[in-house]
Undergrad: 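My questions will all concern the structure given below.
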Amino acid sequence: MVETAHHSHQAPPPGHGAPPPPVVAPPLGGARGPIFHPAEQLLQLHYCIHSNPSWVQTAVLAFQHYIVMLGTTVMIATVLVPRMGGSPGDKARVIQSLLFMSGVNTLLQTWFGTRLPTVMGPSFAYIISVFAIINDFFDSDFQNDHERFTHTMRAIQGSLIVSSFLNIILGYSNAWGKLTRHFGPLVLVPAVCVVGLGLFSRGFPQLANCVEIGLLMLILLVISQQYLQHLHPITKPMLERYALLLCVGIVWAFAAILTVSGAYNNVKQQTKTSCRTDRSFLMSSAPWIKIPYPFQWGTPIFRASHVFGMMGAALVSSAESTGTFYAAARLSGATSPPGHVMSRSIGLQGIGQLLEGIFGSVVGTTGSVENVGLLGLTRVGSRRVVQISTAFMIFFSIFGKFGAFFASIPLPIFAAIYCILYGIVAATGISLIQFANSNSLRNIYVLGVSLFMAISIPQYFIANTDASGHGPVRTKGGWFNDILNTIFSSPPTVALIVGTLLDNTLEARHAVDERGLPWMVPFHHRKGDSRNEEFYSYPLRISEYIPTRFL
């Protein structure tokens, strides 16, 4: 018998009447639960880009951002300054300069750049170029190591100043914005992923240099921040937002107890350097008050080979910042940044590099990946929190003794933090695949090749780079070597190159919907989405007085 909502009748005799309708199988997993639809903005944030916690909470969260970015600052100074012949006092001054410029550039970016809550921290992309400058002066005759250090710093200043114009031109000519219009979800997924995954060497490998401190920090942070917060409603907001600071304090105190008790008196030198809290010598050598000022190391030295090598680093820092900005937009509750916003942010990053060369920074800055991960860890994407964090950066860069106190935190503690924060950024990149067809074999091919090559190629270049900074590309042109070795040692840069080429050439016209372009196109243009102005417009209506091409 066949029944309808309106009537019923007897079934026709066999051989007469229409055949029964085909049985349509439900979709796989359709009976197992709801299907989650794509979401342009994360709805589980407690504070998004426009909303702000109380001033007390803002200050504590801002200090937490300062502590997180401090690890990279100390790592870079620790790697470069001794090779340049610098003393612990020189290292302290370099850290002060890096902190000062990070604070200034973060303010510039949050006010006039992307307007996203992104800390601008020192970049490892400049390491190869700086090594090349160090090696050029290694065999030169100097009266002492300090003279060699200052001479090298002056050469770095000159190369930073000249190479900064590359980013300024790319940004304010809108060339970078036009390039980002070719970045669909299939390009952004591997680019943002490897912004986090590409830094794996700064995670557990650094943690393992002092496993009793680093592993304790990692386990304690996971348990307190993710599990203990559910014990009581009162503990949830406190541990969710401030567990990182609490864990740093506990493990740092534990490391100090081990140091004082003599636990590291009879261990190898590397263990002493990583575990002891008194091996940085920053407290004794840092000045009480020292304000970074222009050309503090002397008159800049300009050499063409250094400038070209540094241009490669400037280009890489732009690519890395691009992936970081897209992750920051997602974790702060904003929509995808439009092309003109990306252009002005890269142009402003060039201006920041120009200032870094003038004020004597040892490397340029880029978007801090760890601080973007902190947005997701605390679920606080407030722009004001990041802006207030610059007050701590600038304060501790001027009052050196206080800054040196926190800079003496053992690096394995920071490495444990990075294991969590880099992973959050990498997962943020994966979430962007929801806007494309993840069941398309064409998309799977593009994603797989881009992601694998973005990890494999830089690993080859890094593994074949010797202690003096010479990479696998070794032609007679040193500047050419530095450019290629720098570009192909950067996972985000390789991901953008490979992903953009594949996604825009492989059946591109016939797979527009599969690629997710209908979702991205409104965010590529200034007025393509009404929320573009809401999140990315200049403050205080200053856009009325700035030419449109610079917005």
Side-chain angles (χ1 to χ4, degrees), residues 62-63 65-67 69-82 84-111 119-123 126 130 133 146-147 149-164 280-301 310 317 348-366 368 386-408:
F63 180 72
H65 273 282
Y66 162 73
I67 290 295
M69 67 83 57
L70 188 60
T72 300
T73 305
V74 175
M75 284 183 187
I76 288 178
T78 302
V79 169
L80 294 180
V81 173
M84 300 161 62
S87 64
D90 296 323
K91 177 181 173 181
R93 289 184 63 188
V94 167
I95 292 175
Q96 287 179 273
S97 300
L98 290 172
L99 284 176
F100 182 81
M101 293 314 305
S102 293
V104 171
N105 286 327
T106 301
L107 275 181
L108 291 176
Q109 280 291 346
T110 55
W111 276 342
V119 172
M120 301 300 294
S123 172
Y126 294 82
V130 173
I133 297 175
H146 181 71
E147 184 180 349
F149 169 78
T150 55
H151 191 84
T152 306
M153 284 298 302
R154 291 164 58 197
I156 294 173
Q157 280 185 268
S159 58
L160 282 174
I161 289 173
V162 178
S163 62
S164 66
S280 62
F281 305 108
L282 293 177
M283 283 293 296
S284 58
S285 56
W288 278 103
I289 299 177
K290 183 71 175 182
I291 301 177
Y293 56 90
F295 308 117
Q296 58 180 320
W297 309 109
T299 305
I301 298 173
M310 198 67 76
S317 70
L348 193 59
Q349 188 170 320
I351 293 177
Q353 184 176 324
L354 176 64
L355 293 175
E356 286 153 5
I358 293 174
F359 279 83
S361 182
V362 71
V363 294
T365 56
T366 188
S368 175
V386 171
Q387 290 175 333
I388 297 300
S389 71
T390 63
F392 290 102
M393 300 176 202
I394 295 174
F395 175 84
F396 288 118
S397 69
I398 295 175
F399 297 93
K401 292 290 186 184
F402 298 100
F405 174 72
F406 294 105
S408 63

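None of the values given here were measured: they were computed from a predicted structure.
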Undergrad: Measure the spacing between CE of M153 and CD1 of I301 and express it to the nearest 0.5 Å.
TA: 11.5 Å
Undergrad: Can you name the residues that form a ring pair (Phe, Tyr, Trp, His ring centres under 6.0 Å) with Y293, not counting sequence neighbours?
TA: none
Undergrad: Give the minimum heavy-atom separation between E356 and G364, together with the two atoms involved.
TA: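 Heavy atoms only, the tightest pair is OE1-CA, 3.0 Å.
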Undergrad: Are I289 and K401 side-chain neighbours, meaning at least one heavy-atom pair lies under 4.5 Å?
TA: no
Undergrad: Of the non-hydrogen atoms in G103 and I394, which two are nearest, and what is the gap between them?
TA: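 That closest heavy-atom pairing would be CA-CG1, 4.2 Å.
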Undergrad: Please assess N105 against T390 for the test side chain to side chain contact (heavy atoms under 4.5 Å, CB included), listing each intermediate value before the final yes or no.
TA: CA-CA 9 Å; N105 286 327; T390 63; over 6 Å; no
Undergrad: Quick check: closest heavy atoms across G360 and W297, and the distance to 0.1 Å?
TA: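 Looks like O-NE1, 2.8 Å.
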Undergrad: Tell me, please, which residues at least two apart from T366 pass side chain to side chain donor-acceptor pair (under 3.5 Å).
TA: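 Listed in chain order: S321.
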Undergrad: Can you see whether K91 engages T78 through a side-chain donor-acceptor pair at a distance of less than 3.5 angstrom?
TA: yes
Undergrad: Restricting to non-hydrogen atoms, name the atom on V130 and the atom on V362 that form the minimum distance, rounded to 0.1 Å.
TA: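 Reported closest heavy-atom pair: CG2-O, 3.6 Å.
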Undergrad: For F396 and F405, run side chain to side chain contact (heavy atoms under 4.5 Å, CB included): C-alpha distance rounded to whole Å, both residues' side-chain angles, the deciding distance at 0.1 Å, then the answer.
TA: CA-CA 10 Å; F396 288 118; F405 174 72; over 6 Å; no
Undergrad: Among S163, S317, S361, exactly one meets side-chain hydrogen bond (donor to acceptor under 3.5 Å, both in side chains) together with Q353. Which residue is that?
TA: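 Per the side-chain hydrogen bond (donor to acceptor under 3.5 Å, both in side chains) rule, the option paired with Q353 is S163, out of S163, S317, S361.
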Undergrad: Which residues satisfy the side chain to side chain donor-acceptor pair (under 3.5 Å) test with T152, sequence neighbours excluded?
TA: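 Listed in chain order: nothing, the list is empty.
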Undergrad: Do the side chains of P287 and Q96 get nearer than 4.5 Å, heavy atoms only?
TA: yes
Undergrad: When you compare the side chain of I358 with that of Q157, does any pair of heavy atoms fall below 4.5 Å?
TA: no
Undergrad: In terms of relative ring orientation, are F63 and Y66 parallel, tilted or perpendicular, with 30° and 60° separating the classes?
TA: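 F63 and Y66: tilted rings.
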Undergrad: So I161 and P300, do their side chains get closer than 4.5 Å, heavy atoms only?
TA: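 Yes, side chains in contact.
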Undergrad: Measuring only between side-chain heavy atoms, which start at C-beta, is L160 closer than 4.5 Å to L354?
TA: no
Undergrad: What are the two closest heavy atoms between P82 and A77, and how far apart are they?
TA: CD-O, 3.7 Å
Undergrad: Would you call the rings of F359 and F100 parallel, tilted or perpendicular if under 30° counts as parallel and over 60° as perpendicular?
TA: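 Rings of F359 and F100: tilted, 30 to 60°.
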Undergrad: Closest heavy-atom contact between I76 and P122?
TA: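 Smallest interatomic distance, heavy atoms only, reads CD1-CB, 3.6 Å.
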Undergrad: Answer whether the closest heavy-atom distance between the side chains of S368 and T72 falls below 4.5 Å.
TA: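 Counting from C-beta outward, S368 and T72 never come under 4.5 Å.
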Undergrad: Any chance the side chains of T365 and Q349 put a donor and an acceptor closer than 3.5 Å?
TA: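 Looking only at side-chain atoms, Q349 and T365 do not form any donor-acceptor pair under 3.5 Å.
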Undergrad: With a 4.5 Å cut-off on side-chain heavy atoms, are S102 and L99 touching?
TA: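 They are not in side-chain contact.
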Undergrad: Taking the side chain as every heavy atom from C-beta outward, state whether P292 and Q296 have any pair of such atoms under 4.5 Å apart.
TA: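 In short, these two side chains touch, coming nearer than 4.5 Å.
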